[in-house]
Amino acid sequence: MRTLQYAVAIAVGLSSGLLASIAAAQDSATLKPFRDKSMIKIEYKAPSDKKLEPIYQRLKAREVLERLQAFLAPLRLPQPLNLVTAECGGQIELPYQPGAPVTICYEYVGLIEQAAPSRLGTVGQAVVTQDIALVGPFVQFSLRSVARQLIDMLELPVWGNAEDAADSLAALIMLEVSPQIAQKTIFGTAYFFAKAGQTEKLDLGAVRPHIAQRYFNLLCIAVGSDLVRYSVFLPIDRQEGPVDLPKNRYGHCLQLAAPERSEYSQIKYAFHQLIRDKYVDLPLLKQVRTIEWLADD
Amino acid sequence: MKSFATTAIAAIALASLAVGAGLAQNKPDSSSVMKQQTPDLKNANVVTRYTDWKYQALYERVKKRGVLEEISEFLSPLKLKQKLIFETTSCGVINAFYDPTAQTVHLCYEMLDWIENVAAASPDKLGQGSASNGPRRGLLPGVTRAEAIVGAIGGVALHETGHAIFDIQEIPRLGREEDAADMVAGFVMLQFGSEVARVMIKGMFNMTHNWAAETPNISAALLADSHSLALQRGFAILCLAYGKDPETFKDLAQAWLPPARQPSCAREYRQAENAFRKTILPDVDPVLLKKVQQMQILRPDDSKL
């Protein structure tokens with residue numbers, strides 16, 4: 001599924017000019033037919049904090065929400081879903097409320113930009129460029145936030161933690177776009193999660209797992225989808241590092257003897273059963289896939 | 001929701017209670033439980049077997065109680081797509097697990113033994129220093145030995161049964177597998193009355209507290225584990241209970257559940273209820289369900305052990 005290339009392009013638009021040509025690949029005229037059919041309603045809310053103004057302006061100039069709106073057009077929903085960018089009063093994320101607009105906080109975008117390397121960074125053995133470090137977590141956050149609202153809107157049956165479910169759905173979509181896009185978003189998200197995990201306090205009572213747990217869950221799904229591509233996160237024939245997927249976990253992730261039991265296969269099966277087959281306009285999705293979202297990728 | 005869970009899982013819980021009673025008293029008395037069994041309630045797709053002789057006393061108590069037969073009985077309303085085997089066995093480690101390749105739930109004697117001799121033991125008898133900052137092993141204040149045994153064994157059995165049902169019934173899981181199985185266990189515990197529910201929840205929470213005490217240092221390996229951290233699991237199950245019945249579980253929530261978690265508990269319970277209704281209930285035989293529902297789940301003496 002190449003549709004997420006679009007979302008990646010959206011996030012890439014955040015990067016100050018690095019991939020401006022990619023973002024420009026989807027002009028307004030191309031996107032309009034998709035936006036017209038989309039059940040996503042969008043709004044940029046101007047921040048009162050002047051420090052957030054540049055982020056607000058960048059997102060708006062890059063038409064980030066318009067792109068998300070078009071990207072999500074194949075979703076057939078019982079009611080519109082509101083997607084906004086907003087100042088969140090200093091919080092990086094608003095507490096989840098069913099039925100509330102999906103909100104991308106300027107503060108969260110700021111945090112992503114702050115965590116990104118000036119040129120190159122590493123997460124374990126993996127090298128991450130600045131644009132990857134910007135693209136990945138933005139795409140992940142956008143998709144997981146939409147997924148979390150959809151769980152309640154569509155009354156999806158969720159056994160387990162709904163926050164994990166949203167993360168897993170986001171990871172699956174990221175992985176299903178194309179190997180290149182998957183690698184970019186997975187590596188970028190992994191970089192951000194690893195950075196943020198260094199400072200996030202462990203709160204055992206919180207609904208959402210600690211970001212370190214989310215980091216390992218992400219990697220688990222990724223290696224299950226493509227062992228070779230993500231083997232850089234596995235301590236095979238070398239000493240285990242702090243951001244490697246530990247041996248006690250990755251066997252479960254790979255399920256080499258029965259790959260259909262991997263966490264990747266499990267979330268893919270659930271997605272097909274509960275979402276794709278019921279709430280996705282497949283012909284429209286096919287059209288979305290025809291667009292060259294990342295021209296130089 | 002009068003559901004299969006109300007009974008089928010109650011059945012498992014009953015089985016667990018039977019084991020628990022036996023463990024707690026060390027004098028198994030199967031008569032009170034066995035009399036309640038209904039011969040026509042049997043799931044033809046459930047196979048039971050007691051194996052291993054290393055834990056002779058446990059083996060005999062569990063078998064005499066007919067614990068596995070009761071599990072079959074309690075699962076009778078569920079139209080299983082394939083055979084499911086329940087087995088008590090020695091595993092060499094403290095564990096219980098579902099093997100999807102053999103479609104077998106293994107209830108290890110080592111786990112039962114650990115519950116009896118650690119989780120349900122007096123903290124003072126476990127040789128741990130009082131200066132310890134982390135969770136202490138043994139009974140939490142306010143939890144009886146009987147509750148600790150009954151709730152823990154019931155919780156483990158229900159958790160593994162959850163895995164089995166997911167696999168055999170091909171139920172899609174959007175959440176993580178282990179959390180999903182915990183949610184099945186917690187949801188079922190709450191379906192057969194407040195008295196039983198309190199026993200089960202207290203015992204299950206006590207067990208997760210003991211797991212936490214066994215692993216005081218939260219390493220990367222623990223954070224990466226396919227299971228959530230022990231106390232996360234305990235809080236999630238207690239939250240389900242508080243979400244379903246705030247009055248019944250108010251005291252436990254005040255004692256154990258972080259205040260910041262409590263507002264989301266009603267929503268979390270509704271989520272479990274919705275998942276059950278949409279993924280498991282369609283395969284439940286309503287006639288058999290009614291029969292199982294007519295069974296007496298807990299006897300008054302069970303909670304006083």
Look at [options] and state which one has the largest set of heavy-atom pairs under 4.5 Å with chain B.
options	result
A/Ala206, A/Ala257, A/Ala212	A/Ala206
A/Pro242, A/Cys253, A/Ala162	A/Ala162
A/Leu204, A/Leu169, A/Asp164, A/Val243	A/Leu204
A/Asn217, A/Leu219, A/Asp244, A/Asp203	A/Asn217

Structural part of [X] lying under 4.5 Å from a heavy atom of chain A:
X	result
B/Pro258	side chain
B/Arg267	side chain
B/Ala224	both
B/Asp225	both

The single option from A/Leu156, A/Asn161, A/Val158, A/Ile151 that satisfies side-chain contact (heavy atoms from CB on, under 4.5 Å) with B/Gln271 is A/Val158

Within 6.0 Å of NZ in B/Lys79, more than 12 heavy atoms from elsewhere |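 Above 12, so yes.
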
Check the surroundings of atom NZ in B/Lys81: do more than 12 heavy atoms from other residues, nucleotides or ligands lie under 6.0 Å from it?
->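 Yes, because the 6.0 Å sphere around NZ of B/Lys81 holds more than 12 heavy atoms from other groups.
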
Gap separating the [atom1] atom of [X] from the [atom2] atom of [Y], nearest 0.5 angstrom:
X	Y	atom1	atom2	value
B/Leu229	A/His210	CG	NE2	10.0 Å
A/Arg249	B/Leu222	CZ	CG	12.0 Å
A/Asp167	B/Leu174	CG	CG	12.5 Å

So, for [X] and [Y], which heavy atoms are closest and what is the spacing to 0.1 Å?
X	Y	answer
B/Arg176	A/Gln266	C-NE2, 4.5 Å
A/Tyr269	B/Ile171	CE2-C, 4.3 Å
A/Gln213	B/Leu223	CG-O, 3.3 Å
B/Thr279	A/Pro157	CG2-CB, 3.8 Å

Top of B/Gly162, B/Gly186, B/Pro172, B/Cys239 for chain A proximity - count of heavy-atom pairs under 4.5 angstrom = B/Pro172

Ranking B/Pro259, B/Ala220, B/Ala221, B/Ser264 by heavy-atom pairs under 4.5 Å to chain A gives rank one to B/Ala221

Can you find a pair of side-chain heavy atoms, one from A/His252 and one from B/Glu177, that are under 4.5 Å apart?
->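 No, every pair of side-chain atoms sits at 4.5 Å or beyond.
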
Indicate whether the side chain of A/Gln273 and that of B/Glu170 have a donor and an acceptor atom separated by less than 3.5 Å.
-> no

What orientation do B/Phe187 and A/Trp159 show, parallel under 30°, tilted 30 to 60°, or perpendicular over 60°?
->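 Correct class here is perpendicular.
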
Portion of A/Tyr96 that has a non-hydrogen atom of chain B nearer than 4.5 angstrom |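 For A/Tyr96, heavy atoms of backbone and side chain both lie under 4.5 Å from chain B.
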
